[in-house]
Every structure is written in structure tokens, then in C-alpha cells.
Colleague: 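The structure is given below, and queries will be raised subsequently.
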Amino acid sequence: MNFPGSGNVSLRTVSSSRPQLFRTESQQSIAASDDYYSFSDRTTSSSSRSPSAGSRLTVQRYATPNSHPVSNSSSPAVSRTHLGPNMAGSRSQHSILGPSRGKNVPSTTDMPAGSTRHLPNDSYAGRSPTPGMDDSPYIRFAINQLSRDDEPRPDSRQSSITSVDYPAQPLMWDEGLGQFTRSPKPKKSSLRPSEEHLRPDRFPLNSVDPEAFVAVDSPDDSLLYPSLTYMPVVLRPWALALIILCSLLMIAGVVFCNVWSQRHQGLWDYNGQGGPRYFVVQFLPQILAALITIWTFVIQAAVYRVMPFLIMAAEKQQDRVIQRLPVLSRNFLLPDLSYFSHGEPLVGISLFAIWLSNLITLPLLGSFFQAKWYRIDGEGQWRWNAVIAVGWTLVALYGVLVIGLMALLVRFVRTWSGLMWDPVSLADLIPIIQRSNVLHDFEHSETVTDVGETLPLRVLRLGYWRVSNHTEAFYGIGEVDAPIRNPSLHHTEKTREKQPHGLSTVAVDVERQNLHAGDNPEHQLYSQAVRHRWTPWFLKDTCVVAWTVIIGALFIAFVLVSFIHDAIQGGFPPRLPTLPSTGAFSSSNFLYSLVPAFIGNILFLAWQPVDVYFRALQPFAALSSPDGARAEQSLLLGYPASFPLLVTVQAVLNKHYKVAWISLMGIVSAALPILAGGVFIALWYPSHDEVRIAALMPAFYALVAFCALYTVSFLCIWPRRRRHLPHDISTLADQMSFVYQSPLLADSLLREPRSKADLVTRLVTAAPGDREYPLYGFGIYVGRDGKEHLGIDRFRRPGRSDMLITTGTVKH
């Protein structure tokens with residue numbers, strides 16, 4: 001609205017929760033919305049701009065307020081009102097329009113000391129400045145804000161980049177005044193000081209803040225708003241039913257062998273070492289068990305990566321979902337019981353059942369069948385027999401596994417997942433957090449040691465949202481009834497038209513950034529010790545050296561003991577009773593089958609965390625290349641979710657040979673418990689006139705070869721510097737900390753993809769006017785707040801220097 005005769009002076013009423021700052025343009029400033037990647041489109045052509053507003057970059061400088069009350073002789077307080085260019089020019093030499101161009105409104109700097117500034121009386125002479133609309137309530141509100149000289153001034157400066165934080169009191173719409181007013185002072189909290197952290201950090205529900213998140217159901221338009229019911233294939237009912245069926249078949253097979261052996265004096269005749277019967281009895285059961293074990297690894301990986309999203313989609317009151325629930329597989333050597341504390345007992349039961357089954361069933365199957373002497377029709381005969389006690393133990397273990405898998409089936413049947421597609425890669429985080437209202441919690445989190453400890457407790461929801469007083473629905477993670485805190489990502493075309501021409505939506509607090517340039521968070525971005533601080537404990541240098549030495553020493557001792565004086569080939573005394581009991585249990589046979597298989601199974605399970613982390617760290621290793629990396633070889637990598645052997649093929653095609661080898665060894669190492677459980681058997685040696693433990697030599701040689709391969713592979717797991725990060729990446733919060741300020745979130749090219757194919761196409765497509773494929777990197781970049789951050793962004797952006805990737809040698 002314009003005052004008659006006042007030129008182009010404009011008043012805009014704003015929130016009085018904190019000092020409002022002036023936006024000024026500079027040709028040398030840098031803002032995250034200064035190119036075509038930003039959501040905020042330019043609304044005017046260059047011909048419609050003033051000469052001084054030709055740059056699209058806006059640097060917001062903070063004018064330090066006076067620490068003493070303003071007297072009548074001073075200029076009116078303007079810290080709570082966004083003045084037009086004329087008035088702004090009196091406050092800062094960096095204003096967009098420079099000196100006042102209004103002929104009838106003198107600048108406060110030109111007025112003599114002790115004079116009082118008066119606004120023209122015709123602005124209030126009973127006529128509305130805006131035809132057809134009564135503007136008097138707004139004018140009175142503006143005058144009240146300009147004349148609040150008696151309000152105490154803040155003693156310290158406030159950041160100019162926190163204009164979307166919580167106001168001290170929420171705005172309430174007053175129908176009588178026709179304006180927003182402050183709500184009454186809230187009542188004193190009844191919480192004890194020790195319980196203050198339980199207070200919900202949000203606006204009251206009766207607030208009419210037009211910038212709050214409101215949860216909505218899925219819109220009916222399925223093309224623009226896909227259904228949020230995606231579930232990974234291995235967790236769908238038919239897939240879970242299939243593995244349950246396989247487990248039931250294993251139970252049926254064990255029960256059959258137990259019953260048949262008791263009723264028919266064994267299963268079939270023993271015809272010596274080697275041959276088809278020996279393979280079926282001594283190796284085939286372990287192979288079948290290993291296949292089920294590997295399948296459960298795939299199921300576990302899917303459970304871990306989707307459960308945080310499922311909990312948020314179900315709107316359960318869990319406040320540590322993104323901080324504490326891992327998205328990378330665990331539950332190998334030690335059980336993971338974390339889901340019990342997050343209100344997911346069915347998932348906790350299933351993971352415990354899977355862990356117990358994978359730890360014991362495979363070694364027990366190696367000792368399930370033993371040869372026993374039977375006298376049939378007056379003649380003696382060795383026959384293969386099932387060990388009854390071991391068989392019923394296997395039935396119980398596989399029964400527990402079936403119960404755990406059925407618990408998963410019940411948990412995931414008809415589950416509202418909140419997902420459009422499977423979140424297997426770093427790129428899949430972009431549409432999920434793109435418009436989130438909790439990203440401000442992650443300030444400086446990219447360089448902390450534990451992201452979860454720095455985040456406040458918030459109950460988050462995954463689904464469709466809308467901003468108050470807007471009908472447009474969008475998708476992502478957010479906090480219900482909380483302010484958007486990220487307005488530049490929620491501007492519609494309508495709201496953009498209302499913005500002053502030439503003003504950027506991104507503010508850069510140059511003074512504050514310079515004052516705090518030496519502070520710890522900013523300084524840590526360039527610290528090599530921080531940048532390469534973290535790697536999983538089992539991949540630290542000392543641990544890798546220890547594993548290599550221990551495994552190498554054990555392998556050398558194993559080879560020496562086995563081949564000196566033909567100790568294995570000639571057999572060795574059992575040192576334990578060998579005569580089988582009525583249930584076919586033989587102490588020596590059981591010991592020399594179970595113990596080697598159990599040791600091999602421990603080695604097999606111990607390799608899985610190494611495989612998991614090398615798969616998960618590969619995108620960061622690719623992004624840490626000094627020249628950047630293409631999306632399909634970095635952001636779009638889904639190695640942690642790929643099927644066994646398939647990930648090896650994918651890694652070879654991408655020339656990630658270390659990942660290919662380590663993932664292959666994750667499957668090949670299953671040969672250790674399979675061979676170790678069936679290679680030894682107690683036999684009668686006529687030459688020695690005693691029972692000795694004999695080995696099937698071809699299988700034993702294969703076992704030695706696989707042990708050598710396993711030992712050598714430890715030399716390949718030494719992580720290079722590119723796989724070292726500032727902190728862990730096992731949770732959603734850990735991964736979000738590297739993208740929370742990335743311009744990728746505000747990239748118009750990546751805005752709200754509706755399918756995985758759509759997302760992939762946008763990431764691999766060159767930007768308009770750019771002939772080269774886009775490259776991405778992990779390094780120091782200028783974030784959407786205009787500050788430097790460590791994380792993921794495009795390697796090159798128009799008008800900016802390339803990302804700084806610090807993977808060089810540490811400088812002292």
C-alpha cells in the first residue's frame with residue numbers, strides 16, 4: 001500500500017518475535033538460490049529490475065541494534081518492520097535502492113538533530129490508500145510497530161538466518177482488528193526442571209500460524225500422489241511365506257530322518273568315504289541350511305532399512321527413530337534387541353529367532369548323521385543313522401525360526417509403509433527430507449561424533465502434508481503441527497509473486513559468519529582429523545592388523561598341524577568314546593563335526609559386518625573422488641540392498657573391485673562351516689587295530705584352500721581414506737546430517753519425483769545448457785543458508801567454484 005505523495009515507500013507488517021533484517025544485494029555475494037537449481041524461480045525479467053538489483057544474489061547484513069532506549073530525537077524503531085527501499089536506505093549503506101527517491105518523505109539521516117519525523121496526514125484523512133479495501137487496521141498496526149520506543153532492546157545480536165524459528169508467542173488472528181496479534185502469555189509449565197526435555201517443541205494446536213505442517217491423507221490423484229504402500233519384495237507376504245515353507249520342509253526332513261532311523265535301523269548303508277551318499281549325508285544338509293541363512297541376511301537388510309520409515313508412517317509415539325534405529329544390517333555374531341525398546345516386539349522376536357537359528361543350526365546339521373554298526377540277519381553292517389538328540393534340537397531351532405518369520409509376516413501384512421519405493425540409496429533420501437521441517441535440528445551435525453546425541457526428541461511422521469492455508473500436498477518426513485522452518489522450499493508460484501522483486505529467499509549473514517569464522521564447527525570442516533575421524537571399529541587400523549595377524553597365525557598353525565607327519569591323511573586318535581549310543585550319538589563324531597563347523601560358522605558370520613559396511617561406504621568413497629562422481633556410481637548405488645552375488649556383478653561393472661571381492665567372500669566363506677562339518681568321521685583302521693578320526697582328503701584340501709582365501713582377504717579390507725567419515729552412517733540421522741543443507745534439496749531439477757525411475761532420470765540428466773553429465777561430490781560446499789558445510793552436493797554449480805574435497809595428505 002502506498003501513502004499518497006510519498007513516492008514508492010512501502011510498509012509491510014511482519015512478526016515481532018525478533019528483529020527483522022534488511023536484504024541488500026551485492027554482486028560478490030553467494031546464495032544457494034542463485035541458479036536454476038533453486039526452487040525459487042525468478043519472477044521478473046532483467047528489464048523490469050532496477051539497475052542496482054541486477055544480481056540474483058542477496059546478502060543479508062545485520063545492523064547491530066542500539067543497546068539503549070531510543071529517545072524522541074532518534075529515528076523511529078524499525079527493527080521490527082520491514083521498510084521499503086527508501087526507509088531501508090537510511091539504515092544501511094548496502095540497501096538495494098540506495099538513497100530515498102521519495103520526494104515528500106525526507107530521510108531520517110537528513111533531518112536535524114532533535115527534530116521529530118511526522119508522516120503525511122493525508123494518509124489517514126478518512127480515505128483508504130487501497131481502493132475498495134479498508135486499510136486502516138493495517139496502518140494502525142504498522143504505526144504501533146514503528147512507535148514502540150519504550151520496548152527494551154536486545155543486548156545481543158540475533159542471527160539473521162533464524163527468521164523461521166519459533167516466535168516467542170504464536171500469532172492469533174483477531175477478527176475485530178483484522179490483523180494478527182500475540183496470544184496471551186502462556187501459563188507457567190508444571191513440569192519439574194528434570195522433565196523440561198519432555199516438553200513438545202512446537203506451536204500450540206490452537207495457533208493459526210499460516211506456516212505450520214498439517215498431516216493429510218493420501219490424495220485421490222494417484223498419478224501426482226502415489227500410494228504410500230510400497231514394501232520390499234522379500235518382505236511381502238508371499239516371499240515370507242516361501243521362506244517359512246522352506247523352514248517347514250527342513251523340519252519335516254529332520255523329523256522324517258529321526259523317525260525312519262529308529263524304525264528301520266538307520267537310513268541306508270554306508271559305502272565308504274566319498275561318493276553321492278557321503279555328499280548327501282555329510283554336506284547337503286549344511287548347503288540347504290546355508291541357503292536359508294543367506295536368505296535371512298537379505299530379509300534382515302530389508303527390515304533394517306524400512307523399519308524406521310514404517311514406524312514414522314504408523315505415527316507411533318517414538319521420538320528416537322531416526323537417531324537410534326539402524327538402517328544397516330546387524331544381528332550377525334551378537335543379537336540386536338533394540339526393537340524391543342522401540343515398541344516393535346514382533347520385529348525384535350523375529351530378529352532374535354533369525355540370529356539363534358543362523359548361529360547354531362548349520363553346525364548342528366554337520367553332526368546330524370553318523371555311521372553306526374548294525375547286526376542284520378546275522379551279519380554286521382555300517383549304516384548311516386540320524387542322531388536323535390541332535391535332530392530334535394534342530395526341530396526346535398527351526399520351529400523358533402518359523403515363529404520369528406511368522407511374526408514378521410504378521411507385522412508386514414497390509415502394512416502402511418509410507419514409502420513410494422524402496423529406499424536403497426543416498427539419493428532416495430532427497431524426496432523424503434526435501435521439504436522436512438526438522439532439518440534445522442541438524443545444524444553443524446556433519447562434524448559431530450554422535451549425531452543422535454545432538455538432536456532433540458521429536459515424534460516424526462512420514463506421509464503427505466500440506467502447509468496451513470495451502471491446499472498443495474507434498475511428501476516427506478516432518479513434525480505435526482510444527483512450523484515449516486524452511487520457507488524457501490514451500491513457496492508456491494502464488495506466494496512467489498507476492499515477494500518483492502529482486503530479493504532472494506536465501507539470506508547470508510555476512511557479519512555473523514565473519515565473527516564466528518574461528519569457532520569450532522566451522523573450523524572443523526577443514527580439519528583432516530575430523531574429516532577422516534570415523535570408520536567402524538572392526539575396520540580401524542589396529543583392528544585390521546590384529547585380525548590379519550590372528551587369522552594368519554591360526555591358518556599357519558592349522559596347515560602345520562594337518563600336514564606334518566601326515567597327521568590328517570593317516571588319521572588321528574579320537575581321545576573320546578566312539579561307540580554310538582542307541583540314539584546314534586557318538587562323542588568323538590559329534591565333537592569333530594560340531595566344533596570345526598561352529599568355528600567355520602563364526603568366521604562366516606564375522607565377515608558379514610565387513611561386507612555390509614563396505615557396501616554402505618562405497619557411495620561416499622566414490623563421492624570423495626577429487627573429480628567427483630556420476631550419480632549412477634555414487635548417489636544411486638544400492639549395494640546394501642542388492643542380492644548376494646548380484647552385488648558382486650554390479651560392483652565389477654562399476655569398477656568397484658574391492659566391494660566386489662568382499663561381497664563375494666561374504667558368500668564364499670559359507671563353505672567353511674559346510675566343509676568343516678562333514679570332512680571328519682570316525683572309522684576303523686585295521687592297520688592300527690583301532691578307531692581313528694579320518695578325513696575326506698578332497699574335502700579337506702578344499703577346506704584348506706578356502707581358509708587361505710579367507711586369510712588373504714583380510715589384506716583387502718583395509719579401508720582407504722575415502723572410506724573414513726566424520727561420524728557413523730548407520731542411522732537415518734547420520735545420513736541426513738550430510739545433506740540437510742545441500743542445495744540438492746532445493747534443486748528444481750529434483751523437485752518431488754514421483755517414482756524411482758523419475759528420480760534416476762533427473763539425477764543422471766544434464767542441467768539445461770550443460771553438455772556434460774552432472775557430477776556429485778562429498779566435500780565442503782556452500783549450503784542453502786549461505787554458509788559452508790561438509791556433505792553431498794553437485795561437484796560444479798554455475799557461478800561458483802568447484803566443491804572442495806579434502807582427501808589429500810594430512811598437513812601439519
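Side chains included, hydrogens not; waters and symmetry mates left out as well; all remaining heavy atoms used.
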Colleague: What is the distance from atom CD1 of I792 to atom CD1 of I430, rounded to the nearest 0.5 Å?
Modeller: 8.0 Å
Colleague: So, do R435 and R751 sit near enough that their side-chain heavy atoms are less than 4.5 Å apart?
Modeller: yes
Colleague: Would a line drawn from the ring center of Y781 to the ring center of F738 be shorter than 6.0 Å?
Modeller: no
Colleague: Mind running side chain to side chain contact (heavy atoms under 4.5 Å, CB included) on D785 and E443 for me, showing each step along the way?
Modeller: CA-CA 11 Å; D785 59 356; E443 186 69 22; 4.2 Å; yes
Colleague: What is the distance from atom CZ of F620 to atom CD1 of I729, rounded to the nearest 0.5 Å?
Modeller: 5.0 Å
Colleague: Considering all heavy atoms of both residues, which atom of G452 and which atom of R324 are nearest to each other, and what is their separation?
Modeller: CA-NH1, 3.8 Å
Colleague: Hey, is R305 close enough to D422 for a salt bridge, meaning N to O under 4.0 Å?
Modeller: yes
Colleague: Between R531 and S624, is there a side-chain donor-acceptor contact under 3.5 Å, judged purely by atom types and distance?
Modeller: yes
Colleague: Keeping R533 on the side-chain end and T447 on the backbone end, is there a donor-acceptor pair under 3.5 Å?
Modeller: yes
Colleague: For the residue pair V321 and F309, establish whether any side-chain heavy-atom pair is separated by less than 4.5 Å.
Modeller: no
Colleague: Using modelled atom types and a 3.5 Å cut-off, is there a donor and acceptor pairing between side-chain atoms of H470 and backbone atoms of R466?
Modeller: no
Colleague: Taking the side chain as C-beta and beyond, is there a heavy-atom pair between L732 and L429 under 4.5 Å?
Modeller: yes
Colleague: With the side chain counted from C-beta on, respond yes when Q741 and L439 share a heavy-atom pair under 4.5 Å apart, and no when they do not.
Modeller: no
Colleague: For F538, does the CZ atom sit with more than 12 other heavy atoms under 6.0 Å from it, leaving out its own atoms?
Modeller: yes
Colleague: How far apart are the closest heavy atoms of Y740 and F442, and which atoms are they?
Modeller: CZ-O, 3.1 Å
Colleague: Whether the side chain of H724 engages the backbone of R720 through a donor-acceptor N/O pair (distance < 3.5 Å, no angle test) should be reported.
Modeller: yes
Colleague: When you check the side-chain N and O atoms of S425 and D428, is any donor under 3.5 Å from an acceptor?
Modeller: yes
Colleague: To the nearest 0.5 angstrom, please state how far the OG atom of S329 sits from the OH atom of Y304.
Modeller: 7.0 Å
Colleague: With a 4.5 Å heavy-atom cut-off, do Y475 and I432 have their side chains touching?
Modeller: yes
Colleague: Would you say R722's side chain and L617's backbone share a donor-acceptor pair under 3.5 angstrom?
Modeller: no
Colleague: Any side-chain to backbone donor/acceptor pair from S468 onto A212? Under 3.5 Å, distance only.
Modeller: yes
Colleague: Before giving the answer on side chain to side chain contact (heavy atoms under 4.5 Å, CB included), spell out for D747 and R794 the whole-Å C-alpha distance, their side-chain angles and the decisive distance to 0.1 Å.
Modeller: CA-CA 10 Å; D747 200 324; R794 292 185 186 270; 2.9 Å; yes
Colleague: Check for a donor-acceptor pair, side chain of W465 on one end and backbone N or O of G476 on the other, with a separation under 3.5 Å.
Modeller: yes
Colleague: Are the side chains of Q633 and K655 in touch, meaning some heavy atoms are under 4.5 Å apart?
Modeller: no
Colleague: Check this for me, if you would: do K787 and E446 make a salt bridge, where the nitrogen-to-carboxylate-oxygen distance has to be below 4.0 angstrom?
Modeller: no
Colleague: Would you compute the distance between atom NZ of K658 and atom CD1 of I717 and round it to the nearest 0.5 angstrom?
Modeller: 9.5 Å
Colleague: Are D793 and H789 close enough that a side-chain donor and a side-chain acceptor fall under 3.5 Å?
Modeller: no
Colleague: Under the salt bridge (charged side-chain N to carboxylate O under 4.0 Å, His left out) rule, what pairs show up with a residue in residues 724-739, not counting sequence neighbours?
Modeller: none
Colleague: Considering the options V216, D217, V214, which one meets the side chain to side chain contact (heavy atoms under 4.5 Å, CB included) requirement together with Y464?
Modeller: V216
Colleague: Compare every heavy atom of H656 with every heavy atom of Y639, then report the nearest pair and how far apart it is.
Modeller: OH-ND1, 2.9 Å
Colleague: Walk me through whether T449 and H727 qualify under side chain to side chain contact (heavy atoms under 4.5 Å, CB included).
Modeller: CA-CA 5 Å; T449 56; H727 56 70; 5.7 Å; no
Colleague: Just by modelled atom types, is the L745 backbone N or O under 3.5 Å from a matching donor or acceptor in the R784 side chain?
Modeller: no
Colleague: Can you name the nearest heavy-atom pair linking S338 to P326, along with the distance?
Modeller: OG-CD, 4.5 Å
Colleague: To the nearest 0.5 Å, tell me how far H444 NE2 sits from T454 OG1.
Modeller: 11.0 Å
Colleague: Quick one: which residue pairs count as a salt bridge (charged side-chain N to carboxylate O under 4.0 Å, His left out) with a foot in residues 632-642, not counting sequence neighbours?
Modeller: R630-E632
Colleague: Keeping the roles fixed (side chain from R762, backbone from S748), state whether a donor-acceptor pair exists under 3.5 Å.
Modeller: no
Colleague: Of all the heavy-atom pairs spanning D611 and I662, show the shortest one and how long it is.
Modeller: CA-CG2, 3.8 Å
Colleague: Looking at side-chain heavy atoms only, is the closest gap between L623 and F795 below 4.5 Å?
Modeller: no
Colleague: Under 3.5 Å, is there a donor-acceptor pair between the side chain of N437 and the main chain of G478?
Modeller: no
Colleague: Does a donor on one side chain sit under 3.5 Å from an acceptor on the other, for Q618 and R723?
Modeller: yes
Colleague: Without swapping roles, check the side chain of E752 against the backbone of Q434 for a donor-acceptor pair under 3.5 Å.
Modeller: no
Colleague: Mind listing the closest non-hydrogen atom pair of I477 and I433 along with its distance?
Modeller: CD1-CG2, 4.4 Å
Colleague: Set out, in order, the CA-CA distance, both residues' side-chain angles and the distance that settles side chain to side chain contact (heavy atoms under 4.5 Å, CB included) for Y776 and S742, then state yes or no.
Modeller: CA-CA 11 Å; Y776 302 86; S742 175; over 6 Å; no
Colleague: Do K756 and V424 have side chains that get closer than 4.5 Å, going by heavy atoms?
Modeller: yes
Colleague: Taking atom CZ of F643 as the centre, report whether more than 12 heavy atoms of other residues, nucleotides or ligands fall under 6.0 Å from it.
Modeller: no
Colleague: CZ of R458 to CG of D319: how many Å apart, nearest 0.5 Å?
Modeller: 11.0 Å
